[in-house]
Student: 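I'd like to ask you about the structure that follows.
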Amino acid sequence: MRIATWNVNSIRQRQGHVERWLARVQPDVLMLQELKCEAVQYPGAAFEALGYRSLVVGQKAYNGVACLSRLPVQDVHTALPGLVGPDVPQARYVEVIADGVTLIGIYLPNGNSGGDAGYQAKLDWMQALRARAEALLEADADFVILGDFNVAPTDEDYAKGALSPADALARPATRAQYQALINLGLTDAIRALHPTGRVYTFWDYQAAAFQRNQGLRIDHALMSPRMAERLVAAVPDRAERGEEQPSDHVPVVFELA
DNA sequence: ATGTCGGCCTTTGGCCGA
């Protein structure tokens with residue numbers, strides 16, 4: 001099974017990139033983030049022509065996630081169970097079962113806007129995600145949570161100067177929540193196969209960040225124990241950042257035996 | 001050196017979010 005995640009920073013701007021990438025890489029399932037449009041504006045027919053059905057959770061201007069699959073999917077959720085409060089309508093979560101595996105695509109709140117309340121909403125979201133993971137573990141489900149976590153888990157996960165230590169992507173409370181997810185028994189797929197070193201998935205558009213490799217590792221896959229045993233590859237597709245008019249994130253591909 | 005994008009409205013430029 002080949003699964004992938006990609007924050008495309010507007011699907012309308014990146015439709016051609018996604019079409020070319022699907023044809024080349026042919027994942028079974030691709031989770032997209034930051035569609036930045038409502039479902040009615042989503043170019044689903046173009047992806048269907050390539051063999052991919054889309055499950056779209058859209059929102060005007062902001063957020064928006066989709067699950068593209070060439071496998072049949074069932075038991076769909078389009079919101080994070082258990083989340084309450086003003087952010088519930090935000091389009092940040094899609095969950096399906098494909099080939100017996102629960103696949104969860106997320107666009108976790110950035111947390112740098114909206115002041116203290118905005119940051120707290122990020123932590124609350126992470127808490128609700130952990131509760132969902134606990135419920136799936138309790139049910140002995142096989143699952144993978146993948147997407148744009150907006151978390152740089154350690155100091156090795158961003159280039160010097162690419163983030164302020166006070167940034168919501170790297171604050172101690174953010175990292176503690178991420179570690180609490182790991183501590184449930186989940187495996188950070190990239191670090192399982194690449195335990196040290198610079199493995200980035202995002203480079204800012206500003207200040208020639210890609211050319212200087214001033215990147216971040218913020219797009220992740222967390223795998224339940226049996227899925228982690230099947231893991232054979234976890235690779236950010238850096239070449240995509242060098243394309244014309246790229247997203248600021250690259251696709252990340254995970255291979256399961 | 002607050003330097004780039006994308007989307008939206010306040011709409012041909014400014015604002016927010018990232």
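Order of the sequence lines sets the chain letters (A, B, ...), proteins ahead of strands, with each chain counted from 1. No hydrogens, no waters, no symmetry mates; every other heavy atom, side chains included, goes into these values.
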Student: Using the ring of each side chain (for Trp, its six-membered ring), is A:F149 parallel, tilted or perpendicular to A:Y178, with breaks at 30° and 60°?
Tutor: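 Ring orientation of A:F149 relative to A:Y178: perpendicular.
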
Student: Describe the nucleic acid contact of A:Q13 in one word from base, sugar-phosphate, nothing, applying a heavy-atom distance below 4.0 Å.
Tutor: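 Sugar-phosphate only.
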
Student: Can you tell me, in whole Å, how much space there is between the P of B:dG3 and that of B:dC15?
Tutor: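 Straight-line distance between the two P atoms is 14 Å.
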
Student: For B:dG17 versus B:dT10, give the span between their P atoms, rounded off to a whole number of Å.
Tutor: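 Here B:dG17 and B:dT10 have their P atoms 16 Å from each other.
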
Student: Can you list the residues that meet the side-chain contact (heavy atoms from CB on, under 4.5 Å) rule with A:A133, with sequence neighbours excluded?
Tutor: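 By the side-chain contact (heavy atoms from CB on, under 4.5 Å) rule, A:A133 matches A:F143, A:I145, A:L181, A:L184, A:L186.
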
Student: Please measure how far the C1' atom in B:dT12 lies from the corresponding atom in B:dG7, and state the result in whole Å.
Tutor: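 Pairwise C1' distance, B:dT12 against B:dG7, rounds to 15 Å.
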
Student: Rounding to an integer number of angstrom, what distance separates B:dT11 and B:dC16 when you compare their C1' atoms?
Tutor: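 Nearest-Å result for B:dT11 against B:dC16 at atom C1': 15 Å.
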
Student: Nearest to the side chain of A:R12, heavy atoms from C-beta on, is which of B:dC5, B:dG7, B:dG3?
Tutor: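 Nearest to the side chain of A:R12 among the choices is B:dG7.
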
Student: Take the protein atom CD of A:Q41 and the nucleotide atom C1' of B:dG6, then report the distance between them rounded to whole Å.
Tutor: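 In whole Å, B:dG6 C1' and A:Q41 CD are 13 Å from each other.
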
Student: Of all the choices, B:dG7, B:dG3, B:dA18, which nucleotide is nearest to the side chain of A:S113 once you look at every atom?
Tutor: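 Closest of the options to the side chain of A:S113: B:dA18.
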
Student: May I ask you to decide whether A:R92 forms a salt bridge with A:D148, counting only side-chain N to carboxylate O separations under 4.0 Å?
Tutor: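 Answer for the salt bridge query: no.
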
Student: Rounded to the nearest angstrom, tell me the gap between atom CD in A:Q90 and atom P in B:dG17.
Tutor: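 So the CD-P distance, A:Q90 to B:dG17, works out to 11 Å.
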
Student: Across the strands shown, which category fits A:Y107 at heavy-atom distances under 4.0 angstrom: base, sugar-phosphate, nothing?
Tutor: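 Since only primed, P, OP1 and OP2 atoms lie under 4.0 Å of A:Y107, the category is sugar-phosphate.
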
Student: Looking at A:W6, A:F202, A:Y200, A:Y107, which hits ring pair (Phe, Tyr, Trp, His ring centres under 6.0 Å) with A:H249?
Tutor: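 One option only clears the test, and that one is A:F202.
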
Student: Under 3.5 Å, which protein N or O atoms sit close to an N or O of nucleotides 14-16 of chain B? Give each pair with its distance.
Tutor:
none

Student: Write down the distance between NE2 (A:H17) and C1' (B:dC5), rounded to a whole number of angstrom.
Tutor: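 To the nearest whole Å, that distance equals 13 Å.
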
Student: Give a yes or no on whether the backbone of A:D237 and the side-chain of A:E240 come within a donor-acceptor separation of less than 3.5 Å.
Tutor: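 No: the side chain of A:E240 does not pair with the backbone of A:D237.
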
Student: Pick the nucleotide of DNA chain B nearest each of A:R14 and A:R212; which residue has the one closer to the 5' end?
Tutor: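 Comparing both residues, the 5'-ward one is A:R212.
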
Student: Please check this pair: side chain of A:H194 against backbone of A:A234, looking for a donor-acceptor N/O pair closer than 3.5 Å.
Tutor: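 Yes.
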
Student: Nearest whole angstrom, please: distance from the C1' of B:dC5 to the NE2 of A:H249.
Tutor: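 The answer, rounded to whole Å, is 12 Å.
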
Student: In whole Å, I'd like the distance from the CD atom of A:Q15 to the C1' atom of B:dG6.
Tutor: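 Going from A:Q15 (CD) to B:dG6 (C1'), I get 16 Å.
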
Student: What's the gap between B:dC9 and B:dT2 when it is taken at their P atoms, as a whole Å value?
Tutor: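 Pairwise P distance, B:dC9 against B:dT2, rounds to 30 Å.
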
Student: State plainly whether the residues A:R191 and A:D157 are in salt-bridge range, i.e. N to O under 4.0 Å.
Tutor: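 Salt bridge: yes.
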
Student: Take the protein atom CD of A:E244 and the nucleotide atom P of B:dC5, then report the distance between them rounded to whole Å.
Tutor: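 Between P of B:dC5 and CD of A:E244: 11 Å.
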
Student: Of all the nucleotides listed (B:dA18, B:dG6, B:dC8), which has the minimum atom distance to the side chain of A:N9?
Tutor: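 Between B:dA18, B:dG6, B:dC8, the one nearest the side chain of A:N9 would be B:dG6.
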
Student: Within the structure, does a side-chain N or O atom of A:K60 lie under 4.0 Å from either OP1 or OP2 of B:dC9?
Tutor: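 Looking at the OP1 and OP2 atoms of B:dC9, one of them is under 4.0 Å from a side-chain N or O of A:K60.
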
Student: Which part of the nucleic acid does A:Q245 contact within heavy-atom distance under 4.0 Å: base, sugar-phosphate only, or nothing?
Tutor: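 Here A:Q245 touches no strand at all.
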
Student: Kindly give the cluster partners of A:L123, where membership spreads through any ILVMFWY side chain lying under 4.5 Å from a current member.
Tutor: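 Cluster partners of A:L123: A:Y119.
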
Student: Taking the minimum atom-to-atom distance to the side chain of A:K36, which one of B:dG6, B:dA18, B:dC8 wins?
Tutor: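 The answer is B:dG6, which lies nearest to the side chain.
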
Student: Given atom CG of A:D204 and atom P of B:dG6, what is their separation to the nearest angstrom?
Tutor: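 It is 13 Å, rounded to the nearest whole Å.
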
Student: Over how many whole Å does the gap from A:Y119 atom OH to B:dA18 atom C1' extend?
Tutor: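 Value for this atom pair: 17 Å.
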
